Amino acid sequence: MQQELFDQLRTHQQQIAKISLQDMFNADSERAKKLSLETDGLIFDFSKNKLTEGTLDLLLNAAKSQGIQAKIQAMFNAEKINNTEDRAVLHTALRSEKTSLLLDGHNVMDDIHAVKIQMAEFCRKIHTGEHLGYTGKKITTIVNIGIGGSDLGPVLICQALKPYRQAGINIHFISSVDGYMFNDIITEIDPETTLFVVASKTFTTQETMTNAHSSRNWFLAQTNNNTAAIAKHFIALSTNAKAVAEFGIAAENMFEFWDFVGGRYSSWSAIGLSIALYIGWDNFAEFLAGANAMDKHFNETTDLRQNLPVILGLIGYWYVDFFDYRSLVISPYNTRLTRFPAYIQQLEMESNGKSVKTNGDSVNYATCPIVWGDSGINGQHAYYQLLHQGTQVVPMDIIIAASDKFSNQEHNDILWSNALAQAEAFMTGKTYATAEAELLAQGMDAVKASEIAKHKVFAGNRPSNMLVLPEISPRYLGMLIALYEHKVFVQGVMWEINSFDQWGVELGKQLAKKVLADIEGGAISNHDSSTTTLIQHYISTRK
Ligand code: F6P
């Protein structure tokens, strides 16, 4: 970033930091209206943030100087912006209604449409009973075997859209390799009615392949070694046709995607087949359409001040690099979005948790914050204490649905009142004088009230974003996820990093192989004394 723009933002931050959020609201009765955006019914109120129109001007100048518009175009136009892997980044094409998009002279939309037809057709066959299990029974249970991007999206989306599920279809997820998930699930399922969906972009991920092999062995044991039945009960979602074939899944039972789809951006691809099987193809298509609406908003809203992902991304950038707030809490209030924080954790931290720029230089500023969270309503009774009175300020994204036809009004009113009250409390806080007056009004004696009031002070001035979905439907969930995908893109542009590789996951995988060889072979290779001692301890106790 140009030093001059960075310095302007620094100087501006020093002025903004002196004004409380409450004073900003007191100074402008129209603040909430001015600092809110809406697209297609999704509302983004960012007025409870430490910024003014002047801040936005400076941030938008900075974004423009980073060439943000050209970079957005480059992504949508299939340029190979993932430079370390020499790949285009085309999750947006998966939900586009375009008929042509050339990558290396090849129209990728033809491939995308062909796989969508294959997926829709497979869903139809499962749901109508045209594809039956090996004993002629209908498939009623889907077991998605995958991890990371091949698990987190499907888990989130299936949980969020449970009310839309196909009648008679259940879904389970196996991600961890410790055996518990696998062992628990096989006690609940029937091999005659179960479809195992092995979801892995690479088809080499150790955890997934171990669970897939164990599932196949279990299935064969249950079916009197009926290898022919595998074709009816195992399918693969992957980019790696060779490894799928080696595993023993026939080409017609493989649903392909491509290296231009990142794992954490893959729910829109064949990786979404478990979702489509669970909620039905039409609902899955609506989910894609919602994301497509957000893509269009992002790509076509050239007045960046009106562009939701741009503003959401710049606010996060403003806090990390100018306020030094290194943590972000995601607080979905609807229970059906409880897995949203885990999903966003991978999306943001695996994309932007980096310290080397696209050009190979080290950064000399902070990048991705630590992203965490859980159901907001549960968080209120757990970690919100720290958020209100702890020593660090943690910006928050509150996400809530305006209406929930699958819930009931009384519960929803309480949910909303809590979400709004929390955001207000974070912002306004409570002074010592108010706390003391409240205690005196309760009849506490003056000496005790003056002591206890110290503990009841809330500094306030803690920022939050509010995202309001009209409802948790396939369409709005698609929009919400795409909003965050593009937010991540915007921040990657600001930090000058490649948001689409993930080399930081490699070293642990390499060392795990070496440690496993030591455990299995019993001869311990070269490690530090702590690792060696712990391997010895494990070998001596595992039997
Ligand atoms: O180890 C990290 C990672 O590569 C993620 O990026 C990915 O989502 C996950 O593992 C699963 O990978 P795969 O889909 O190739 O099994």
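Computed from a prediction, not measured in an experiment: that's the story for all the values here. Just follow the structure's listing: the first ligand is 1, and inside any ligand the first atom is 1.
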Problem set entry | Distance from atom 15 (O) of ligand 1 to nearest protein heavy atom, with residue and atom | Thr202 OG1, 2.6 Å
Problem set entry | Numbered atoms and elements of ligand 1 in range of Gly149, under 4.0 angstrom, heavy atoms | 7 (C), 8 (O)
Problem set entry | Check: Lys201 N/O within less than 3.5 Å of ligand 1 N/O | yes
For this session: Look at the rings of Phe287 and Phe284 and say which category their plane angle falls in: under 30° parallel, 30 to 60° tilted, over 60° perpendicular.
Result: tilted
Problem set entry | Shortest protein contact, atom 6 (O) of ligand 1 (heavy atom only) | Glu350 OE1, 2.8 Å
For this session: With heavy atoms of Thr205 as the reference, note each atom of ligand 1 found under 4.0 Å away.
Result: 12 (O), 13 (P), 15 (O), 16 (O)
Exercise. Is the NZ or CZ atom of Arg264 positioned over Phe500's six-membered ring, under 6.0 angstrom from the centre and within 45° of the axis?
Worked result: no
Exercise. Within the structure, does Gln346 bring an N/O atom to less than 3.5 angstrom of an N/O atom in ligand 1?
Worked result: yes
For this session: Determine, stepwise, if the pair Thr338 / Thr335 fulfils side-chain hydrogen bond (donor to acceptor under 3.5 Å, both in side chains).
Result: CA-CA 5 Å; Thr338 299; Thr335 309; 5.1 Å; no
Exercise. Looking at atom 9 (C) of ligand 1, what's its closest protein heavy atom, distance included?
Worked result: Ile147 O, 3.7 Å
Problem set entry | Considering all heavy atoms, the nearest Ala229-Tyr134 contact | CB-CB, 3.5 Å
Problem set entry | Whether Phe234 and Phe247 hold their rings parallel, tilted or perpendicular, with breakpoints at 30° and 60° | tilted
For this session: Could you tell me how the ring of Tyr343 sits relative to the ring of Phe340: parallel (under 30°), tilted (30 to 60°) or perpendicular (over 60°)?
Result: parallel
For this session: Test Asn144 against Ser274 for side-chain hydrogen bond (donor to acceptor under 3.5 Å, both in side chains), laying out the working first.
Result: CA-CA 7 Å; Asn144 188 86; Ser274 293; 2.6 Å; yes
For this session: Please identify which atoms of ligand 1 are closer than 4.0 Å to at least one heavy atom of Lys509.
Result: 1 (O), 2 (C), 4 (O)
For this session: Give the numbers and elements of all ligand 1 atoms closer than 4.0 Å to a heavy atom of Gly148.
Result: 8 (O)
